[in-house]
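Computation of the quantities below employed the complete heavy-atom set of this structure, encompassing side-chain atoms and omitting hydrogens, waters and symmetry-equivalent molecules.
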Amino acid sequence: MALEKIGIMGGTFNPIHYGHLIAAEWAKIEHQLDIVIFVPAANPPHKDMAKVLNKEDRYNMVERAIASNQNFTISNFEMQREGKSFTVDTLEYFKKIYPKSDLYFIIGYDAFLDLHTWKNFEKLFDLSTFIVATRTGYTQKQSWPRHSHLPKTILDKIKFFEIPEVGISSSDIRQRVRQNKSIKYLVPEAVEKYIFTNNIYGG
């Protein structure tokens, strides 16, 4: 089957949780994507790497989290690269791999607000459309103070969609593990098992 519309879900995934999976699934349905490719970042430029779990464990957890969804897959592209994991490099890579496909980069609302600080910011929109997962009741005007100056050609490639507000964060999960609290139903069972079997996050 030809892949006409490909979703790209980048992130640190430290760890991946149901909020990430809901955003990916709803983006796929809302924009009729053929597939969603998860791309764990090896060395995210906006993160303090001293506080980020090693890339191998984060990759393994994503792989386990998406195993039951035939429309989800994973790429180790950023895992194999040296240096910082810049989104523009990742999108250029997938554009070469799928030159006839339209790329859709799935991003959370909070990350979207800082998009103007990313490397080669405006070039990102030559390579893909951005799908922004927002909270219920969000209005598009809330983002305009930071993005109103952008040309219409870019604004037309930013799409918003609402997802349920699940209130799950990776930092909260890490803290719960350190405190020996349950993370059941915050992450897929396979991820929960991986965390505790491998003694991750001080659990």
- Query: Is there a donor-acceptor pair closer than 3.5 Å between any side-chain N or O of H31 and the backbone N or O of L33?
  - Reply: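 No; judged by distance alone, with no hydrogens or angles, the pair does not exist.
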- Item | Option from N54, D57, N60, N14 for which side chain to side chain contact (heavy atoms under 4.5 Å, CB included) with I200 holds |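 Of N54, D57, N60, N14, side chain to side chain contact (heavy atoms under 4.5 Å, CB included) with I200 is met by D57 alone.
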- In one Ile/Leu/Val/Met/Phe/Trp/Tyr side-chain cluster, 4.5 Å: F121, V132: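 Result: yes, single cluster for both.
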List for me each residue that meets ring pair (Phe, Tyr, Trp, His ring centres under 6.0 Å) alongside [X], sequence neighbours excluded, and say none if there are none.
X    : answer
Y93  : F77
Y194 : none
Y104 : none

Name all residues meeting the side-chain contact (heavy atoms from CB on, under 4.5 Å) criterion together with [X]; count only those two or more places apart in sequence or in a different chain, and write none if there are none.
X    : value
I22  : W26, I163, P164, V166
A41  : P44, E78, S85
S171 : S169, R174

- What is the distance from atom CD1 of I183 to atom CZ of F196, rounded to the nearest 0.5 Å?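 Taking CD1 in I183 and CZ in F196, the distance rounds to 4.5 Å.
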With [X], which residues qualify under salt bridge (charged side-chain N to carboxylate O under 4.0 Å, His left out), at least two apart?
X    : answer
E4   : none
K123 : E92
K96  : none
K184 : E192

- Which residue pairs pass the side chain to side chain donor-acceptor pair (under 3.5 Å) test with at least one member in residues 151-160, sequence neighbours excluded?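 For residues 151-160, and leaving out neighbouring residues, the side chain to side chain donor-acceptor pair (under 3.5 Å) pairs sorted by first residue read K152-D156.
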- For the residue pair I195 and V191, establish whether any side-chain heavy-atom pair is separated by less than 4.5 Å.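 I195 reaches V191 side chain to side chain.
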- Message: Atom CD of residue position Q70 - does it have more than 12 heavy atoms of other residues, nucleotides or ligands inside 6.0 Å?
- Response: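 Result for CD/Q70: open.
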- Item | K5: side chain to side chain donor-acceptor pair (under 3.5 Å) partners, not counting sequence neighbours |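 With sequence neighbours excluded, K5 shows a side chain to side chain donor-acceptor pair (under 3.5 Å) to no residue whatsoever.
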